[in-house]
Amino acid sequence: MEKFVYIALFAPLVSSLFAGLFGMTPKKMFVGVIASLLLASSFVASAILAYHVNLTGSGIHVTLMDWIGAGDLKIPFGFIVDQVSVSMMVVVTLVSTVVHIYSIGYMDHDKSFNRFFSYLSAFVFSMLVLVMSDNFAGLFIGWEGVGVCSWLLIGFWYHKPDVSPEINPSISPSWAANEAFIVNRIADLGMLIGIFILYWNVGSLQYDVVFAELPNLANGVLVAAAIALFIGAMGKSAQFPLHTWLTDAMEGPTPVSALIHAATMVTAGVFLVIRAHPLFMMTPEVSYFIASLGTFVAIFAASMALVNRDLKRIIAYSTLSQLGYMFAAAGLGAYWIALFHLAAHAFFKALLFLGAGNVMHAMHDELDIFKMGGLKKAMRWTYIYMGVASLALAGIPPLAGFFSKDAIIETAFNEGTFILWAILVVTAGMTAFYSFRQVFLTFEGDERYKEFGIHPHEMYKFVLIALAPLGILAVIAGFFQKTFQGFVTDLLPNYEMSEHTHHLAMILGAVVLVFAVGGIALAWIKYGKGLKRNEKVENGFFYKLLKNQYYIPQFYAEFISKPYAMISEIFWKSVDMKIVDATVDAIAKTIHTTGDSTRKMQTGNLSNYLNWMGVGVVILLIAAAITPMLG
Amino acid sequence: MIGLNHYLILSGLLFSIGLVGVLRRKNLLMLFFATEVMLNAANIAFAAASHFYGDLTGQMFAFFIVAVAASEVAVGLGLLIVLYKKQGTLDLDDLATMKG
Amino acid sequence: MYEQIAFYLFSVLTVGLFLVTVLSSNILYAMTSLAAGMVLISGLFFLLGADFLGVVQLIVYVGAVMALYAFAMMFFDASKEIKEKNTSSSLVFLLGGLMAVLLVLMFAAPILGENIQASYPPEVGATNPQAVGLVLFTKYLIPFEVAAVMLLVAMIAGIVLAGKKMDESLTTMDDEEVTLQKDKK
Amino acid sequence: MEAAVLPEVTSIGVAIKAIIILAVIAAIAGFGTYIERKVLAFMQRRLGPTHVGPYGLLQLVADGIKLFTKEDIIPQHANRLIFMIAPVIMAATAFIALSAVPVFPDFTIPEWIPLLGGVFVPSIAADINVGLLFVLGMMATGLYGPLLAGMAQSNKWGIIGSARTAIQFLSYEVVTGLSVLAPIMLVGSLSLADFNAHQAGGIASWLVWQQPVAFVLFLIAGFAETNRTPFDLLEHESEIISGYVTEYSGLRWGLFFIGEYANMVTISILASVIFIGGYNDWGFLPAWLVMIMKVAFFFFFMLWARASWPHVRPDQLMWVCWKVLMPIAVINVLITGLVMMV
Amino acid sequence: MNLEQLSNRNIGQQTYKMVDLKPTPSTGVKKFTQVVERTFKGELFVGLYVTFREMINALFKGEMHTFKYPLEKMPISPRYRAIHDMLRLLESGHYRCIGCGLCEKICISNCIKMETRYDENQRKEVSEYTINFGRCIFCGYCAEVCPELAIVHGGRYENASEQRASFSLFEDMLTPIDALKQQKEFDGFGAISPNADENIKKTPLAY
């Protein structure tokens, strides 16, 4: 079985290096094909591992080699494949395989085709390292690895010029990439502190050792570690207030958005919370904060999605919102439900993004849904895929989203946190509204794109076929809820609804369903027949507030970036120039004067130098000969 | 009986010959020859020490010296040819372009 | 007996040949005597039981390195006498002689350090190549790999430095292309 | 294995062996010219030398007398010393290479011969444990013969000839070395005696079955190293007169000839010992006869190829070496290693 | 013969085979495939086979091309024009030359010299007759004009000697008297055509 672990882990690396070989050359089709095949092999290996883990009920733990050994710190290059990591692996490799195949079609006309595959595969490798590592150090390496790949991929079209925020809220891909990177570094600092705290108190970074040691630690330490780790998770999963980068990250190519900023990387935060669940279970106050923050982000993001006009940003906000759901579940202790929602969400959100990519491709990179409409004629299959994905997202039975999201809402009810429950239910309605607003504005109604002279066309056949697994899974994933529960709870704490909630399950489900259907119906009424703009609403306070993302980006720019730049300037002028540079200059000056006085030896004639060298050798020899005589 | 000292003295003599060559030669190609003499002298010393102490480390170093000589000749000759094309001479005294 | 005769024969010849290398003003003599001296040094290696090193000396040094020198000499008109202005030959011989005397004195003194331990003694019963291989691929693996990379780098550097446009062939071109080529020049 | 049973090798035995090798191979070189002329003639449906002696057998004596009595011309601007030494280097290295090769079977001089009676003469003059590499190294050193000859004679054909020598020998040495590397890995020794012992089990144990690619590569490289016909660019008459031997005449020219034929014999022996079974008994055939047959076959093959195939261009020669043969050799070594590991 | 045939006249009509030469490969990969193709197509072995077959043919099937020249000679064509022969009359043994001087006259390189005189019977006899073989171009005009078929081109082509004069005198060219029996009416260049009899009856000029 070890063999499969290595195949699953290293096939993406091989793919990345292979594609990297051709990074500077013009597009080569076989690069994409081979990368996809390698990713597919990784998926197959993951699936085999999953089957194996399910069969034996125990994880596989392999140690490749000793990695760091300094003093007491011993970190092996070890990988663990247990129920949690294997389910992540399957999700990651499946989605990334589809995205790779999709990218062959999507990046068809891009001149950096090969480079793209190199980055994409490198990302998958980093993600797998993150997921499979058996210690916090490996997790951190993967964590940073996905950060780098995300930076590379968001800024993939780095050559696009900067524009003002009025034209494009994220200014330019390179700006967006840098923003994502920097915001993540802030969060990573928290995570690093968390890891340090754990190492300081436990003396190891291995999961099993750390978790076994937890009961012996002081409560304050645990809370500090949990908070610090969660800050890291917040950054990667774009939770409030570090959420701004995710929507800007939509500047990257759409497959990237699908793979990284919807299905896999952003869920790393959730994964971290699930992975470190022993820690979070022992710190209920932090867990409750997580749940509250998750719920807040769910409605906060959903509200912004209501008014956005950008196709990909709407989906990005919905991703934020769904991440909030996951954190809510994880914070409430229903780890397996969070993981289940994570998996299900990965399928339909990736599908949604890739469908959006199809639309973009058809609309020549036009993203404004107000300029679309009536695309269903031209893009029937994309419509079906996006419709299915939106239904799943809205939580309409029997699709995947219903089972996973309903479980979370039920959990909130079950825990007795009725405020959270209420917010989540309302959010479910908002979710249904904005996702179908987007679908209807894009595919139904009058064909507004015609006035822009665009002739949309359907994506390549093989791309549509490649999307089929995601579509199928978005439909049927919910039926495996019980199986999944049984599988994962071998490792994670089981969470069952209480008797009371169980009785009310039908009613609760119905309430959610009413909200969801209501949202869809509202969307149909408002947008089903075409776009009717309401000037009054658009100029209203709430609409503007939502449209400007609660003015948070502006706030950051004014109250964080600007003061920071001012402080930096002061330090540059007073400290750096006056003290540091002066010291360095003095040293240089000394050397310069010394050199100036001895430069006469430098005749520029090589044989002179050689003679000097000979003299030096003889002097050294004399020294060597005399030394033993002196004793 | 031939001992380690014999070999070391031979090596020392050869090294001195190489040094004389390095100091005396003005033609770059001949200078290279002289450095090869010095490298070979070192090789003899290494091999002799290896033999008389029954330790293979000396031979290893000799191997690496051979490898160094091989790469030196590849790069050095390339440079010489470029130089000759540019300057039309290999004389050391004519190469004073770096004089500041 | 044989060993002594061989050692003295090889030593005297080597010293003589290398002196020719260093002092001759004819580059062809210098090259030939250097190559011959290296062959004799490989003989010394055989005497020392370093068979593999001796063969490597033959193949790499004599067969490749010196042959490359000879090849390079063809670029530089080897038949001419080399004119060198030797300004300070007394200094040179003084330095060289001093060094030789010092080295001989140092090495003629009894070698101290009888307690030196052989850290990599040759395996019992293994032939020299086997023993060399065992040590080279265990303890000295990293230097070995580094040397390999160095050789690769040197090779590429040599090609880049000395290479010229080889991908154009006048024989395979059309007439028009040939005239175009000429016009370019 | 058998070495334990064999009598002790004395220095007299080695000396006798050396004399035998010198005498016989020099004679074979002369005889080789006769064979070459005969075989080439037959392949062109001619008769070849017929008049001197029975079937022209004494032709080599006539040639020898001619070469020995010819005037030894040294061109005016040539570097005299080097010009004179170069042919000696060629012949000497060829014979030194033969010292590490099993040339004739071992035997003991019968007791009734005075002085030397009872002396054991070994099959290999110097059975060093890096025998194979030594032979290759000595053949590499042999390139100095043509090289210096060409450079010393102040003749442009000579210079071109020696430039070609340098590139051809240097390049093909790589292929030779890499091609024998795979058999060396299989046998695990560099001694030719071990190669012989490894293939003692009859035809099925011949290394050529396991290493056909290496065998072909070795033959090709061997042709190049002995500058035989498809690769005889160093003395390609139609392009560069005679290359490095342009200015040579008489005995010195003859020495080049002897060197070349000795090299041919060496390559033939190496091919026989490394790849096709060496000097083991073969059914009722005694070892020495088998060996002679094998060597004769390779010798014949070289002549045969000369009769059949045209020259290649120098650029083709280098192209084939570096872009075809060497990669194949490396891949062969890799595959051999993998197979041995698995 | 039309123009096309003329320009192709050196190309044998049927027996030549055009070699299928593909265009020179441009890229490295193509060159490599060409090498591989040529290697495995067995063309090399065809070459070996051809030479070996020729050797077998030569050695065992007696198809050796060599003539051991001084020992055996190739038959030469009767029309070959080598050193001249002076023939004798078969009946009397007297030489046929009547000293008419036609050959001297027609010789375009002026290499024939003859002197004649009247003998005691008032018949012309050749007192001196030489051909300078340094100048003779073996054109055969002398044999053609000779009315008596006295001078003809023989088959002696081995004209190596210590001095040129050794076969340029009349006596050297003349059939030895003791070999008269072997002298045949020469049917080579300059001989009477087979239908000379009919021709002479028709018109003397044709002869």
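Throughout, a chain's letter reflects where its sequence line sits, starting with A, and its residues are numbered from 1. This is a predicted model, so every value here is computed, not measured.
- Contacts of Phe64(B) with chain C are made by side-chain atoms alone, with heavy-atom separations under 4.5 Å and no backbone atom involved.
- In terms of non-hydrogen atom pairs under 4.5 Å with chain B, the most contact-rich of Val60(C), Val132(C), Thr21(C), Leu19(C) is Val132(C).
- In terms of heavy-atom pairs under 4.5 Å with chain B, the best-connected choice from Val160(C), Val135(C), Leu152(C) is Val135(C).
- Taking the six-membered ring where the residue is Trp, Tyr69(C) and Phe32(B) present perpendicular rings, their angle passing 60° and hence far from 30°.
- Listed options Phe18(C), Phe7(C), Phe45(C) were ranked by heavy-atom pairs under 4.5 angstrom with chain B; first place goes to Phe7(C).
- When all heavy atoms of Met30(B) and Ser24(C) are compared, the closest pair comes out as CE-O, 3.6 Å.
- One finds the OG1 atom of Thr14(C) at 9.5 Å from the CG atom of Asn40(B) (value rounded to the nearest 0.5 Å).
- Of all heavy-atom pairs spanning Ala62(B) and Leu53(C), the tightest one is CB-CD2, 3.6 Å.
- With rounding to the nearest 0.5 Å, the separation of NE2 in His51(B) from CG in Leu44(C) is 12.0 Å.
- Taking Leu103(C), Ile156(C), Leu102(C), Leu95(C) one by one and counting their heavy-atom pairs under 4.5 Å with chain B, the maximum is reached by Leu103(C).
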**Request:** Dump the intermediate steps for ring-ring contact (aromatic ring centres under 6.0 Å, His included) on Phe52(C) and Phe63(B), then the final yes or no.
**Result:** CA-CA 10 Å; Phe52(C) 193 67; Phe63(B) 282 124; 5.7 Å; yes
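- If you tally non-hydrogen atom pairs under 4.5 Å between each of Val82(B), Leu29(B), Val66(B) and chain C, the highest count goes to Leu29(B).
- Met60(B) CE to Lys139(C) NZ: the interatomic distance, rounded to the nearest 0.5 Å, is 12.5 Å.
- When all heavy atoms are compared, the tightest approach of Val20(B) to Gly96(C) is CG2-CA, 3.5 Å.
- Chain C forms the most heavy-atom pairs under 4.5 Å with one residue out of Gly76(B), Ser50(B), Ala48(B), and that residue is Ala48(B).
- Contacts between Leu80(B) and chain C at a heavy-atom distance below 4.5 Å involve backbone atoms as well as side-chain atoms.
- Taking each heavy atom of Ala70(B) and Leu151(C) in turn, the nearest pair found is CB-CD2, 3.9 Å.
- The distance from the CG atom of Leu14(B) to the CD1 atom of Ile41(C) is 6.0 Å, given to the nearest 0.5 Å.
- The number of heavy atoms from other shown groups lying within 6.0 Å of CZ (Phe61(B)) does not exceed 12.
- A distance of 10.0 Å separates CG in Leu136(C) from CG in Leu56(B), rounded to the nearest 0.5 Å.
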